[in-house]
Amino acid sequence: MHWQLQFFPACTHHVFLSHCREDRGWLVNPLADAMRDRRLIPWVDQHDYPYGRTSFQALRDGILRSRHVVFLVTDAMLQQPRGWSIIELAWAELLQDNLREPGGVLQNVSLPLFFVAREDARLPRCAWFPVIDRARFHLPADGNPVLWALHQIDAFVAREVQQGLDNVAWLDGDSRSRLRLKKRAGLIERITALRPAII
């Protein structure tokens, strides 16, 4: 069964940072600050949801309104096999499924960043195992984990900006595809607009 999104809201954030609360001090908050310095807008769960929105709704909407989702998979996250990050992974995968076409992927959503060893015995038994093939692993030789993660995110976003430009050129030359995609409100804008704008 394939659940198809019929409406894609405008993106208000570049990256949704999926993380474990225990990692906020040493990784998440410094990374979010460094991203803002690079003019990349992160969505970070701070439990300050709009009035009337549940955590479930706020996190789902945060993913839909972010161009990408970065998963910060750490030791603390692996110690908690259940939690919000697993739900966020499922939502990101659903969004990714809706951004696939017979000819390929219209936009890549997820970037898993692992701060544990690839050989960690817990990985084959956890929800993160299926994304290992597209994950980046931080090694001790990579130095500061915040700067490493910032570099990975920066490069990923830049590749996706190019993908957006390629989508513009493709749709300009393929009116049938444009008509088909236009039936799903906001989809063309999502895959071609480089929004939120990198100022």
Side-chain angles (χ1 to χ4, degrees), residues 1-19 32 35 39-45 48-72 84-113 127-128 130-136 152-199:
M1 172 185 271
H2 174 68
W3 290 329
Q4 190 174 67
L5 296 175
Q6 295 302 317
F7 172 73
F8 292 83
C11 290
T12 55
H13 295 78
H14 292 101
V15 173
F16 180 104
L17 290 177
S18 179
H19 66 279
M35 288 175 65
R39 299 180 185 225
L40 295 172
I41 305 166
W43 196 102
V44 181
D45 176 22
D48 53 354
Y49 309 134
Y51 179 75
R53 305 297 281 168
T54 66
S55 300
F56 203 82
Q57 293 167 323
L59 293 172
R60 180 200 62 212
D61 293 349
I63 287 174
L64 286 174
R65 291 186 177 278
S66 298
R67 287 189 61 75
H68 311 291
V69 180
V70 171
F71 295 98
L72 303 172
W84 286 110
S85 293
I86 304 302
I87 295 169
E88 292 160 2
L89 176 62
W91 283 327
E93 292 296 307
L94 175 63
L95 178 56
Q96 185 68 74
D97 285 347
N98 276 265
L99 294 171
R100 282 192 177 93
E101 281 287 301
V105 175
L106 299 172
Q107 179 188 15
N108 291 296
V109 173
S110 300
L111 175 63
L113 298 179
W128 301 104
V131 301
I132 282 181
D133 61 327
R134 53 194 150 120
R136 306 282 187 273
Q152 298 300 318
I153 293 168
D154 219 6
F156 181 72
V157 169
R159 285 192 302 272
E160 289 304 307
V161 166
Q162 184 57 55
Q163 177 71 25
L165 296 172
D166 293 345
N167 284 335
V168 169
W170 165 59
L171 289 170
D172 282 349
D174 189 342
S175 57
R176 275 192 281 176
S177 291
R178 180 178 283 278
L179 268 174
R180 182 172 38 80
L181 296 182
K182 200 170 186 177
K183 292 176 184 169
R184 297 168 68 198
L187 176 57
I188 291 176
E189 291 76 11
R190 181 180 184 106
I191 65 169
T192 59
L194 310 179
R195 300 240 190 319
I198 302 174
I199 307 167

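Only this structure's heavy atoms are used, side chains among them; waters, hydrogens and symmetry mates stay out.
- Atom CZ of Arg67 is separated from atom CG of Leu95 by 10.5 Å, given to the nearest 0.5 angstrom.
- Without hydrogens or angle criteria, Arg60 side chain to Ile87 main chain gives no donor-acceptor distance under 3.5 Å.
- Of the possible polar contacts, none joining the Asp97 side chain to the Trp3 backbone as a donor-acceptor pair under 3.5 Å is found.
- A salt bridge between Glu189 and Lys182 is absent, with no side-chain N of the basic residue lying under 4.0 Å from a carboxylate O of the acidic one.
- The two residues Met35 and Pro42 have their closest heavy-atom pair at CE-CB, 3.9 Å.
- Residues His68 and Phe156 place their aromatic rings such that the two centres sit under 6.0 Å apart.
- For the atom pair OG (Ser85) and CZ (Phe71), the distance works out to 7.5 Å, reported to the nearest 0.5 Å.
- Summarising the geometry of Pro130 relative to Ala127, their closest heavy-atom pair is CD-O, 3.1 Å, with the distance given to 0.1 Å.
- Taking all atoms of both residues into account, the shortest heavy-atom contact from Cys11 to Leu64 is SG-O, 4.4 Å.
- With sequence neighbours left out, the salt bridge (charged side-chain N to carboxylate O under 4.0 Å, His left out) criterion links Arg134 to Glu93.
- Here Leu59 contributes atom CG and Ser18 contributes atom OG; the two are 8.5 Å apart, rounded to the nearest 0.5 Å.
- The backbone N or O of Ile191 lies less than 3.5 Å from a partner atom in the side chain of Asn167, making a donor-acceptor pair.
- Atom CG in Leu171 sits 5.0 Å away from atom CZ in Arg178 (nearest 0.5 Å).
- Glu101 places no side-chain N or O within donor-acceptor distance of the main-chain N or O of Leu106, the cut-off being under 3.5 Å.
- Rounding to the nearest 0.5 Å places CG of Leu187 at 5.0 Å from CG of Leu181.
- Between the side chain of Arg184 and the backbone N or O of Phe7 there is no donor-acceptor pair closer than 3.5 Å.
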Inset, instruction - Would you sort out whether Leu113 and Ile153 count as a side chain to side chain contact (heavy atoms under 4.5 Å, CB included), showing the intermediate values? - result: CA-CA 9 Å; Leu113 298 179; Ile153 293 168; 4.2 Å; yes

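- Between Gln163 and Val105, the shortest heavy-atom contact is NE2-O, 3.3 Å.
- The closest side-chain donor-acceptor pair between Ser177 and Arg180 falls under 3.5 angstrom.
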Inset, instruction - Could you walk me through whether Val157 and Leu40 pass side chain to side chain contact (heavy atoms under 4.5 Å, CB included), step by step? - result: CA-CA 9 Å; Val157 169; Leu40 295 172; 4.1 Å; yes

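- Residues Ile86 and Trp128 are in side-chain contact: their nearest non-hydrogen atoms beyond the backbone lie under 4.5 Å apart.
- Of the candidates Arg100, Glu160, Gln96, Glu160 is the only one forming a side-chain contact (heavy atoms from CB on, under 4.5 Å) with Gln107.
- In this structure a side-chain-to-backbone donor-acceptor pair under 3.5 Å is present from His14 to Ile41.
- Donor-acceptor pairing under 3.5 Å is lacking for the side chains of Arg159 and Asn108.
- In this structure, the side chains of Asp45 and Phe16 stay at 4.5 Å or more apart for every pair of heavy atoms.
- Interatomic distance, CG of Leu17 versus OG of Ser66, reported as 8.5 Å (0.5 Å rounding).
- Residues that satisfy the ring-ring contact (aromatic ring centres under 6.0 Å, His included) test with Phe8, not counting sequence neighbours, are absent from this structure.
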